[in-house]
Trainee: 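Before anything else, here's the structure in question.
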Amino acid sequence: MLARSQRMRSGEDFRHTIRRGARGTQPTLVTHLVIGPDPLRSGVTGARVPRTGGQTSVGFVVSKAVGSAVERNRVKRQLRHLMRDRVDRLPRGSRVVVRALPAAQSADSATLAEHLDAALVRAGAR
């Protein structure tokens, strides 16, 4: 499980990462990645506000297209578990949003792990 401090909870952080981040696409998921600390970023009001902390944060988007609530939660748990092992490989202060596609519902953990690694590499995480 990811530490609480590593979980993205702010809607503004999700929006910023999805809009500004590099994208890596695979058949079961899409990753959006903003590498490294972002010392000044736009706030809700348009003012430039300093980013707090240098902790890497990860967020997950699993829509209803993936399946029922039970299936969505299972996919999200699998992705959280997989990201826990990969978050330390990212530069400090990076932000990642992992968006599950409908094909993620029927994929096993090994496939999701392979696709997650490939998507992170495509988005620019080495």
Trainee: List for me each residue that meets side-chain contact (heavy atoms from CB on, under 4.5 Å) alongside Glu114, sequence neighbours excluded, and say none if there are none.
Mentor: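 Glu114: no side-chain contact (heavy atoms from CB on, under 4.5 Å) contacts found.
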
Trainee: Which heavy atom of Leu82 sits nearest a heavy atom of Ser109, and at what distance?
Mentor: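 Smallest interatomic distance, heavy atoms only, reads CD1-O, 4.1 Å.
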
Trainee: Sort and list the pairs that fulfil side-chain hydrogen bond (donor to acceptor under 3.5 Å, both in side chains) and have at least one residue in residues 23-32, not counting sequence neighbours.
Mentor: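 Passing the test, one end in residues 23-32: Thr28-His115.
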
Trainee: Please list, chain by chain and in numerical order, all residues satisfying side-chain contact (heavy atoms from CB on, under 4.5 Å) with Ala69, sequence neighbours excluded.
Mentor: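 In terms of side-chain contact (heavy atoms from CB on, under 4.5 Å), with neighbours along the sequence ignored, Ala69 is linked to Arg72.
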
Trainee: Sequence neighbours left out, what passes side-chain contact (heavy atoms from CB on, under 4.5 Å) with Phe60? Give chain and number order.
Mentor: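 Phe60: side-chain contact (heavy atoms from CB on, under 4.5 Å) contacts with Leu2, Val58, Lys76, Leu79, Arg80, Met83, Val98.
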
Trainee: Which residues satisfy the side-chain hydrogen bond (donor to acceptor under 3.5 Å, both in side chains) test with Arg74, sequence neighbours excluded?
Mentor: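 Here the qualifying residues are Gln78.
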
Trainee: Taking the side chain as everything from C-beta on, heavy atoms only, tell me whether Gln6 gets closer than 4.5 Å to Ser57.
Mentor: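 Of all side-chain heavy-atom pairs linking Ser57 with Gln6, none is under 4.5 Å.
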
Trainee: Does the side chain of Leu33 come within less than 4.5 Å of Arg95's, by heavy atoms?
Mentor: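 Result no, sub-4.5 Å side-chain heavy-atom pair not found.
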
Trainee: With rounding to the nearest 0.5 angstrom, report the CG to CZ distance, Asp13 to Arg7.
Mentor: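 CZ of Arg7 is found 15.0 Å from CG of Asp13.
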
Trainee: Consider only side-chain heavy atoms of I, L, V, M, F, W and Y, link residues closer than 4.5 Å, and tell whether Met8 and Val87 are in one cluster.
Mentor: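 Looking at the clustering, Val87 is in a separate group from Met8.
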
Trainee: Treat each ILVMFWY residue as a node, draw an edge where side-chain heavy atoms are under 4.5 Å apart, and state whether Phe14 and Ile35 are in one component.
Mentor: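 No, no single cluster joins them.
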
Trainee: If you round to the nearest 0.5 Å, how far is OG of Ser106 from CD of Glu71?
Mentor: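 So the CD of Glu71 and the OG of Ser106 are separated by 10.0 Å.
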
Trainee: Which atoms form the tightest heavy-atom contact between Ala100 and Val75, and what is the distance?
Mentor: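 Minimum heavy-atom contact is CB-CG1, 3.9 Å.
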
Trainee: How far apart are the closest heavy atoms of Gly24 and Ala123, and which atoms are they?
Mentor: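 Closest pair (atom of Gly24, atom of Ala123, distance): N-CB, 3.8 Å.
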
Trainee: Looking at NE2 of His16 and OG of Ser10, how far apart are the two atoms once the value is rounded to the nearest 0.5 Å?
Mentor: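 If I round to the nearest 0.5 Å, the distance is 10.5 Å.
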
Trainee: Is the CZ atom of Arg4 crowded by more than 12 outside heavy atoms at less than 6.0 Å?
Mentor: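 Counting other residues, nucleotides and ligands, CZ of Arg4 stays at 12 neighbours or fewer.
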
Trainee: Going by the rule side-chain contact (heavy atoms from CB on, under 4.5 Å), which residues pair with Leu101 if we only count those two or more places apart in sequence or in a different chain?
Mentor: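 For Leu101 the side-chain contact (heavy atoms from CB on, under 4.5 Å) partners, ignoring immediate neighbours, are Val30, Arg99.
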
Trainee: What's the spacing between Leu120 CG and Asp117 CG if we round to 0.5 Å?
Mentor: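 One gets 6.5 Å once the value is rounded to the nearest 0.5 Å.
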
Trainee: Using the rule that Ile, Leu, Val, Met, Phe, Trp and Tyr join whenever any side-chain heavy atoms are under 4.5 Å apart, tell me whether Leu112 and Val97 fall into a single cluster.
Mentor: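 No, Leu112 does not connect to Val97 through the hydrophobic network.
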
